[in-house]
Enquirer: 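Pasting in a structure now, in structure tokens, and then I'll have a few things to ask.
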2 protein chains.
Amino acid sequence: MLDPISRVRRFNRAVTSEVGALDTSFLGRGRPLGAARVLNAIGLGRGDVAELRDYLGLDSGLMSRLLRGLEDEGLIHTLPHPDDARRRIAKLTRSGRQEFSAYEAISNSQAELILARHHKPEALLAAMDMVASAFGRSRIRIEEMDPKGEEARYCLGEYYGELSRRFKGGFEVSLSRDPDATDMMAPRGAFFVAMSDGLPLGCVGLKGSGGELAEIKRLWVAPSARGLGVGRRLMDSAENAARNLSVKILRLDTNSALPEARQLYRSTGWTEIERFNDDPYPDLFFEKSVLPDSRPSY
Amino acid sequence: MLDPISRVRRFNRAVTSEVGALDTSFLGRGRPLGAARVLNAIGLGRGDVAELRDYLGLDSGLMSRLLRGLEDEGLIHTLPHPDDARRRIAKLTRSGRQEFSAYEAISNSQAELILARHHKPEALLAAMDMVASAFGRSRIRIEEMDPKGEEARYCLGEYYGELSRRFKGGFEVSLSRDPDATDMMAPRGAFFVAMSDGLPLGCVGLKGSGGELAEIKRLWVAPSARGLGVGRRLMDSAENAARNLSVKILRLDTNSALPEARQLYRSTGWTEIERFNDDPYPDLFFEKSVLPDSRPSY
DNA sequence: CATATTATCTGACTTTAGTCAGATAATATG
DNA sequence: CATATTATCTGACTAAAGTCAGATAATATG
């Protein structure tokens, strides 16, 4: 019906008025938008003035004046940067924290309102996650994390859930060769999570043995983040980690019910090999040699 | 992982910077945002000055000055409203149309850019449709349309596609009792489409016979618009149309593979009845009497 | 260590947006 | 038909945002 570009523009129109509504609700606290934005950015942890300026796209003169205004109101205080006395750090005072949480409350109730308008908000939230991931693509970071940490456990839970939906006979972790967490941590291996603005979007584990052979395990990307290259970036991180651990050969197993994964491995230099374990779930096995080169080997 | 409110706020953050980017790219044509917005609104067909002011939320003085500025640039000309000489109508001149299409080109390339960043844009577009429908809920209009028109054909195509996915044995229109289009048009019946900003989001047909009995057919709501009450509004429109045609009894058939529909009928005063036709697809049959009252009868 | 660069600040601006109190002319209403 | 209401316009404002050219002090660099 509508062509893709018109659909994107329809989305832009719908969203613009919503964003405007949030802006005007911020005006309710008797402070111009510019000052409110600076206060909120400081509250969210952006204390470094240069970083603030860059994030909000403001002129240095304007930034300086806005900070002075907030200081006069007693909401922030600034101090020199410990490593470089030219730079300044802005921090919220006690009443600044109060004011910041008032803005947080406005944002939260605005968000609640959006959800309350929907009968079944879960689908809307999934759609919002997808849009946010696509728009914030450049802000997706691959971070090495504890495979027992909160983010990792969330990703693994989603991963197992997806396998049990997609495998014909379901999936039961206890029947699979579940890797020991210590094998996926330094110094034997590593575990990576793709994070976007606090939301974990994917993971991968490098299960090492201390020797020259290691395995890639638990590669998962959230449905809302597929098509953004997150899987490839996770795999690159795992391969780099393997290189640093002097691993020479990487192996992995997967299932033909996951065609996207197979496609990814094929396009990034992996070779299909014979079965190398007796795990009941996988039916495809791949191998790749880790080159000393730092560029991706595909 | 993240609670719903944080997810909405993550979405807001992601989208705000994108919207801001579109705004600043509009500045590239050497005209302040306010004037650009007015020009675009006129280009999109909002010629009536009062309507413009309402749509853009501007003070009458400001509006007047912006129009004067565009007039001085030779982009628009204004003329009195034919029915009311106090009102004014703004129209684009030839060079105004050129300038408008330059803005259109900027919007289009911005939209293309968003899509180009995604490997498989179809899922992203579906997510954007869902968000746009939810945000623009109050702008969804139920319109009576020709069941053979473009919008109706689009909806029916989606409807048949969905049935063939959801029915175990598939769905073949030719095997079903496909209603004649003239039965779903005045004076025998009616056909309604839910429109949101140019995108059809759902449909329903009232198939009349000229007598006191009529049937509800082809109720469909786009997946991106479910949970917004569109189905209920479509059904209300069909019932009102039935009332105006002096229909006394409404019937419909459906299938238990469509639990949302069944739930809707149950909650809006329909009673389950015996099979009343030999169509191979339906396995549930409902009836409702049309009350002379104009309020919904549930 | 002289010089260049950098981060921030200050003062003196301009532009944009928005407000408010009338003025004017057309239309609606009793 | 007198009076009220309405849509637009004008003039005189204010507030907010943004720009630009130095000034100052700290740090980096040859």
Side-chain angles (χ1 to χ4, degrees), chain A residues 16-17 19-21 23-42 46-73 76-91, chain B residues 16-17 19-42 46-73 75-91:
Chain A
T16 307
S17 60
V19 168
D23 278 0
T24 49
S25 71
F26 265 32
L27 255 37
R29 297 199 64 76
R31 199 169 288 109
L33 220 54
R37 265 199 267 268
V38 172
L39 183 68
N40 276 293
I42 296 170
R46 288 178 206 270
D48 192 304
V49 172
E51 195 197 335
L52 265 174
R53 233 177 37 216
D54 186 54
Y55 174 66
L56 297 169
L58 299 176
D59 173 87
S60 66
L62 184 50
M63 181 85 253
S64 179
R65 258 179 282 271
L66 289 171
L67 287 174
R68 193 86 349 89
L70 291 170
E71 224 163 17
D72 290 351
E73 276 194 89
I76 64 165
H77 55 100
T78 59
L79 51 154
H81 194 288
D83 301 342
D84 182 344
R86 288 172 303 183
R87 297 181 148 216
R88 309 223 92 205
I89 305 282
K91 286 212 155 104
Chain B
T16 308
S17 60
V19 168
L22 182 61
D23 279 358
T24 50
S25 71
F26 265 31
L27 255 36
R29 296 200 65 76
R31 199 168 288 109
L33 221 52
R37 266 199 267 267
V38 172
L39 183 68
N40 276 293
I42 296 170
R46 287 176 205 272
D48 193 302
V49 172
E51 194 197 334
L52 264 175
R53 235 180 33 218
D54 186 54
Y55 174 66
L56 297 169
L58 299 177
D59 173 86
S60 67
L62 184 49
M63 181 84 253
S64 179
R65 257 180 283 270
L66 289 171
L67 288 175
R68 194 85 349 89
L70 291 170
E71 224 163 17
D72 291 351
E73 277 193 88
L75 300 174
I76 64 166
H77 55 100
T78 59
L79 51 154
H81 193 289
D83 301 342
D84 182 344
R86 288 172 303 182
R87 296 181 149 215
R88 308 224 93 204
I89 305 281
K91 286 212 155 107

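Letters go in sequence order (proteins before strands), and every chain restarts at 1.
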Enquirer: Can you check whether B:S60's main-chain N or O pairs, donor with acceptor, with B:S64's side chain at less than 3.5 Å?
Expert: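 Here the side-chain-to-backbone pair does not exist.
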Enquirer: Just how far, in rounded Å, is P of D:dG18 from CG of A:D59?
Expert: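 The answer, rounded to whole Å, is 9 Å.
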Enquirer: Base, sugar-phosphate alone, or nothing: which one does A:R68 contact when heavy atoms must sit under 4.0 Å apart?
Expert: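 Sugar-phosphate, no base atom in range.
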Enquirer: Nearest 0.5 Å, please: how far is CZ in A:R87 from CG in A:D48?
Expert: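 Reported to 0.5 Å precision, the distance equals 4.5 Å.
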Enquirer: Looking at B:G47 and B:L52, what are the two nearest heavy atoms and their distance?
Expert: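 That closest heavy-atom pairing would be O-CD1, 4.3 Å.
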Enquirer: What closest approach, in Å, do A:A90 and A:L67 show between heavy atoms, and which atom pair accounts for it?
Expert: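 That would be CB-CD2, 4.3 Å.
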Enquirer: First and last nucleotide of DNA chain C touching chain A, 5' to 3', heavy-atom cut-off 4.0 Å?
Expert: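 Taking any atom under 4.0 Å from a heavy atom of chain A, the span is C:dT5 to C:dA12.
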Enquirer: Looking only at non-hydrogen atoms, find the nearest pair between A:L33 and A:D23 and report the distance.
Expert: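 Minimum heavy-atom contact is CD1-O, 3.4 Å.
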Enquirer: Find which nucleotide of DNA chain D each of A:G34 and A:G61 is nearest to by heavy atoms, and output the residue with the more 5' nucleotide.
Expert: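 This one resolves to A:G34.
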Enquirer: Without swapping roles, check the side chain of A:N40 against the backbone of A:A36 for a donor-acceptor pair under 3.5 Å.
Expert: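 Judged by distance alone, yes, a pair lies under 3.5 Å.
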Enquirer: So how far is it from B:E71 CD to B:H77 NE2, rounded to the nearest 0.5 Å?
Expert: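 One finds 9.0 Å between CD of B:E71 and NE2 of B:H77.
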Enquirer: Please lay out, stage by stage, how A:I42 and A:V38 fare under the test side-chain contact (heavy atoms from CB on, under 4.5 Å).
Expert: CA-CA 6 Å; A:I42 296 170; A:V38 172; 3.9 Å; yes
Enquirer: Give the dot-bracket line for DNA chain C from 5' end to 3' end: parentheses for intra-strand Watson-Crick or G-U pairs under 3.5 Å, square brackets for crossings, | for inter-strand pairing, dots for unpaired.
Expert: ||||||||||||||||||||||||||||||
Enquirer: For DNA chain D, find the residues of residues 79-91 of chain A with a heavy-atom distance under 4.0 Å and give them by number; none if there aren't any.
Expert: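 Correct list: A:D84, A:A85, A:R86.
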